Amino acid sequence: MFLYIFWSFFAVLILMALGLTYKIAQTDMRRRIIPDGYLFPLLIIGVIVTTFYPWPVQIESGAVGMAFGYMLAAVVGLIFDKILTHKDPNAESPIGMGDIKLISVGGLWCGPTGLAIALVLACGFGATWAYRKKQKFIPFAPFFVIGGFLSLITITFLI
């Protein structure tokens with residue numbers, strides 16, 4: 001009976017995480033914003049899943065991926081911000097805090113290796129989409145979510 005409850009709770013957590021990632025991608029695509037109301041529950045679910053369940057990434061690796069993701073995204077955002085505001089003080093930063101927090105949460109779920117794979121895939125998909133749509137700024141969350149799912153599949157079955 002205990003195992004049934006244990007795995008049922010796991011299934012509920014994964015379904016909630018899938019719903020949250022869908023809402024994050026949808027909201028960023030429509031309004032170009034990633035609300036904390038979706039990110040923080042995804043973070044809490046990630047901590048629970050990586051700590052108590054057999055997940056491809058353990059909590060220790062997830063914490064390293066989370067810190068690495070946050071620092072990398074923040075540094076890249078700062079560099080882009082300084083380059084753009086140097087040319088135009090009223091320019092909008094291409095990387096928002098929602099993107100930085102999303103990359104950090106992705107690091108928790110995927111670990112450092114999975115995060116690297118997810119970022120490469122997301123940037124490739126996003127650049128292709130921006131080129132086809134002829135847009136300068138793109139919503140990054142949908143591409144990162146797709147890259148994250150593909151990364152989890154890769155680290156689960158190939159690595």
Side-chain angles (χ1 to χ4, degrees), residues 2-77 80 94-133 137-159:
F2 175 73
L3 286 175
Y4 177 75
I5 295 171
F6 183 77
W7 290 111
S8 296
F9 188 62
F10 177 72
V12 168
L13 288 174
I14 296 300
L15 288 174
M16 287 172 55
L18 288 172
L20 288 167
T21 55
Y22 174 76
K23 290 302 284 182
I24 287 169
Q26 181 184 40
T27 305
D28 193 30
M29 188 64 101
R30 288 184 181 171
R31 298 187 325 170
R32 298 181 54 103
I33 190 169
I34 302 173
D36 291 342
Y38 298 140
L39 278 172
F40 290 141
L42 188 62
L43 171 70
I44 299 301
I45 292 169
V47 169
I48 293 169
V49 167
T50 57
T51 303
F52 298 110
Y53 291 95
W55 191 251
V57 176
Q58 297 304 311
I59 188 68
E60 298 85 10
S61 180
V64 170
M66 190 172 178
F68 174 71
Y70 189 85
M71 288 187 296
L72 177 70
V75 167
V76 169
F80 276 129
I95 299 177
M97 279 305 295
D99 294 323
I100 293 171
K101 290 182 276 189
L102 177 64
I103 291 169
S104 179
V105 171
L108 173 68
W109 280 88
C110 299
T113 305
L115 178 65
I117 295 168
L119 285 172
V120 168
L121 291 173
C123 290
F125 293 149
T128 303
W129 189 77
Y131 178 75
R132 288 183 182 256
K133 296 283 187 175
F137 296 108
I138 62 166
F140 188 67
F143 305 109
F144 185 73
V145 166
I146 292 169
F149 285 136
L150 293 176
S151 169
L152 278 174
I153 291 168
T154 301
I155 64 175
T156 301
F157 296 111
L158 298 179
I159 295 179

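Everything numeric in this text was worked out from a predicted model, so none of it was measured. Starting from 1, each residue takes its place in the sequence as its number.
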Indicate yes or no: at least one non-hydrogen side-chain atom of W55 is less than 4.5 angstrom from one of L152. yes
Is the F10-F52 ring centre distance short of 6.0 angstrom? no
Run the side chain to side chain contact (heavy atoms under 4.5 Å, CB included) test on F9 and L13 for me, step by step, so that the C-alpha distance in whole Å, both residues' side-chain angles and the decisive distance to 0.1 Å come before the verdict. CA-CA 6 Å; F9 188 62; L13 288 174; 3.5 Å; yes
Working note: V47 + L108, criterion side chain to side chain contact (heavy atoms under 4.5 Å, CB included); need CA distance, chi angles, decisive distance, verdict. CA-CA 8 Å; V47 169; L108 173 68; 3.8 Å; yes
Reference residue P139; test side chain to side chain contact (heavy atoms under 4.5 Å, CB included); the match among M29, R30, Q26: M29
Heavy-atom nearest pair, P142 first then A25, reads CG-O, 3.6 Å
Heavy-atom side-chain contact between F149 and L18 under 4.5 Å: yes
Just by modelled atom types, is the M66 backbone N or O under 3.5 Å from a matching donor or acceptor in the S104 side chain? yes
Evaluate the side-chain proximity of L39 to I24: yes if any heavy-atom separation is below 4.5 Å, no if none is. yes
Using modelled atom types only, decide if a donor and an acceptor are shared between the side chain of D28 and the backbone of F140 within a distance under 3.5 Å. yes
Do W109 side-chain atoms and L42 backbone N/O form a donor-acceptor pair below 3.5 Å? yes
Check whether S61 reaches the backbone of V57 with its side chain - one donor and one acceptor, N or O, closer than 3.5 Å. no
Is it the case that over 12 heavy atoms from other parts of the model lie below 6.0 angstrom from the CZ atom of F68? no
Who pairs with Q58 by side chain to side chain donor-acceptor pair (under 3.5 Å), at least two apart in sequence or on another chain? none
Can you tell which of L43, T27, V105, L102 makes a side chain to side chain contact (heavy atoms under 4.5 Å, CB included) with Y38? T27
Is Y53 reaching over with its side chain to a backbone N or O of F6, donor-acceptor style, under 3.5 angstrom? yes
Shortest non-hydrogen separation from I155 to G114 and the atoms involved: CG2-CA, 4.0 Å
Is there side-chain contact between I103 and L72, with heavy atoms separated by less than 4.5 Å? no
From L3 CG over to S8 OG, what is the distance, rounded to the nearest 0.5 angstrom? 10.0 Å
Let me confirm one number: the CD1-CD1 distance from I100 to I95, rounded to the nearest 0.5 Å. 6.5 Å
Rounding to 0.5 Å, atoms CG (L150) and SG (C110) come to a distance of 10.0 Å
Output the distance between atom CD1 (I44) and atom CG (L20), rounded to the nearest 0.5 Å. 11.5 Å
How close do I138 and A130 get, counting heavy atoms only, and between which atoms? CG2-CB, 3.4 Å
So how far is it from F144 CZ to L119 CG, rounded to the nearest 0.5 Å? 5.0 Å
E60 side chain reached by V64 side chain, heavy atoms, under 4.5 Å: no
